[in-house]
Amino acid sequence: MVINIGNHEFTEVWDGVLYKKLSDYPNISDWEIKNIIDFVNYENLYNRKTKIVSENDDILCTVNNALTHPEKFYNINRPDKITECTACPVRKGCMTDFVCHTSPVENALKIFESGKLLSAVNARNLPAEVLMKESRNAANDPADYFNYVMLSWGNCQAGDRLVMERKLKRFPNEQDLSVDFTPGVRFYFRFDDLAKNPDTIFDGVLPMKVKDKIVLNDYVYAIIIPLQYIELFKDKIPRNLLNRTHFIENNCKDIWDWSEKVYSFVENLN
């Protein structure tokens, strides 16, 4: 794996490269260094070597020094807002109190039935090596990625975008994400609560991910279902999750508007 540190559009892993966006390029924060250390540690866990590249020699020097003394960065507190990506029109960054997993409606029904969010391997009952070879793995993610429940920051639209992509079997266009947008079901967790799960791991890319499964009753903070599906779900919600499940009307102009509406609702819950 390669870590390419620079002034990219945003942070992402694609085809064996972590494109690490810096929020204040060419300055690198302690939090961003911690993420890079987490990525290296995760790759080491699966016996993959990492190579770090950057056009800026000062950045390379800083990161290489940090990797020789990683313990200095293990207890770095996350910022309240991360501005590596500023695409969302309202927040201009990722809010870090909550993390979220977004599911298609049909999968959400199965999630309520089992009471668990499952990794792709467990949900689809297929080996990771098979899932890795599917065409939907456009980013060419390695097999181990499919053993985890993936989570994004709570105000991010990436989960709903992926739901649309899987539904359409192509990358969604502007119309798909506006007038034709159909939200998925969002499962929200407090970062600090889910971080205590013994199966949670920090890979330096996602806020966190969890090996195999997340038991909803133990960790979920709020579940948001688009109001249009109320008849489909009203008799399927387990009793122990009823007071944490909320139906919200999608009267939004696009995916960004929906993400902000949902996140604002969750952060204002008592």
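Remember, it's a predicted structure, so these values are computed and weren't measured experimentally. Heavy-atom basis, side chains included; hydrogens, waters and symmetry copies ignored.
Residues Phe98 and Trp153 keep their aromatic ring centres 6.0 Å or farther apart.
Residues Val105 and Ile237 fall within the same hydrophobic cluster, defined by Ile, Leu, Val, Met, Phe, Trp and Tyr side chains chained together at heavy-atom separations under 4.5 Å. Neither Val17 nor Val40 shares a network with the other; the hydrophobic side chains, linked directly or stepwise wherever heavy atoms of I, L, V, M, F, W or Y lie under 4.5 Å apart, form separate groups for each. Taken together through direct or relayed side-chain contacts under 4.5 Å among Ile, Leu, Val, Met, Phe, Trp and Tyr, Leu162 and Val185 form parts of separate hydrophobic clusters. Note on Leu126 and Phe146: same hydrophobic cluster, where clusters join Ile, Leu, Val, Met, Phe, Trp and Tyr whose side-chain heavy atoms are under 4.5 Å apart, directly or indirectly. Under a hydrophobic-cluster definition in which Ile, Leu, Val, Met, Phe, Trp and Tyr are linked whenever side-chain heavy atoms come within less than 4.5 Å, directly or via other members, Tyr145 and Val163 are assigned to different clusters.
Remark: Glu106 engages no residue in a salt bridge (charged side-chain N to carboxylate O under 4.0 Å, His left out) (not counting sequence neighbours). Every residue two or more places apart in sequence or in another chain was checked for a ring pair (Phe, Tyr, Trp, His ring centres under 6.0 Å) with Phe202, and none qualifies. Qualifying salt bridge (charged side-chain N to carboxylate O under 4.0 Å, His left out) partners for Asp38, counting only residues two or more places apart in sequence or in other chains: Lys34. A search for ring pair (Phe, Tyr, Trp, His ring centres under 6.0 Å) contacts involving Phe10 returns nothing, not counting sequence neighbours. Arg170 pairs by the salt bridge (charged side-chain N to carboxylate O under 4.0 Å, His left out) definition with Asp176, not counting sequence neighbours. Judged as a side-chain contact (heavy atoms from CB on, under 4.5 Å), and not counting sequence neighbours, the contacts of Ser54 are Ile5, Asn56, Ile59, Leu60. For Phe247, the ring pair (Phe, Tyr, Trp, His ring centres under 6.0 Å) test picks out no residue, with sequence neighbours left out. With sequence neighbours left out, Phe73 forms a ring pair (Phe, Tyr, Trp, His ring centres under 6.0 Å) with no residue at all. Lys21 pairs by the salt bridge (charged side-chain N to carboxylate O under 4.0 Å, His left out) definition with nothing, not counting sequence neighbours.
Residues Arg48 and Asp144 are paired through a salt bridge, judged by an N-O separation under 4.0 Å between the basic side chain and the carboxylate. A salt bridge is absent between Arg190 and Asp97; no separation between the charged side-chain nitrogens and carboxylate oxygens falls under 4.0 Å. Salt-bridge annotation for Arg91 and Glu267: present, with a side-chain N of the basic residue lying under 4.0 Å from a carboxylate O of the acidic one.
Taking both residues in full, the closest heavy atoms of Lys20 and Ile3 are given as CB-CG2, 4.4 Å, listed atom of the first, atom of the second, then distance. Between Asp212 and Val149 the shortest heavy-atom distance is O-CG2, 4.2 Å. Heavy-atom minimum distance, Ala66 versus Ile33: CB-CG2, 3.5 Å. The two residues Glu84 and Ser23 have their closest heavy-atom pair at N-CB, 3.9 Å. Nearest heavy-atom pair, Tyr188 versus Val262, reported as atom, atom and distance to 0.1 Å: OH-CG1, 3.5 Å.
Applying the ring pair (Phe, Tyr, Trp, His ring centres under 6.0 Å) test to residues at least two apart or on different chains, the pairs with a partner in residues 108-131 are Phe112-Phe233. Here ring pair (Phe, Tyr, Trp, His ring centres under 6.0 Å) pairs that include residues 12-34, with residues two or more places apart or in two chains, are His8-Tyr19.
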Could you list the donor-acceptor pairs under 3.5 angstrom formed by side chains in residues 215-231, with sequence neighbours left out?
unit_1 : atom_1 : unit_2 : atom_2 : d
Asn217 : OD1    : Arg244 : NH2    : 2.7
Tyr221 : OH     : Leu269 : O      : 3.4
Glu231 : OE1    : Lys234 : NZ     : 2.9

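Lys261 NZ: more than 12 foreign heavy atoms inside a 6.0 Å radius.
Side-chain contact between Leu151 and Leu194 is present, with heavy atoms from C-beta onward closer than 4.5 Å.
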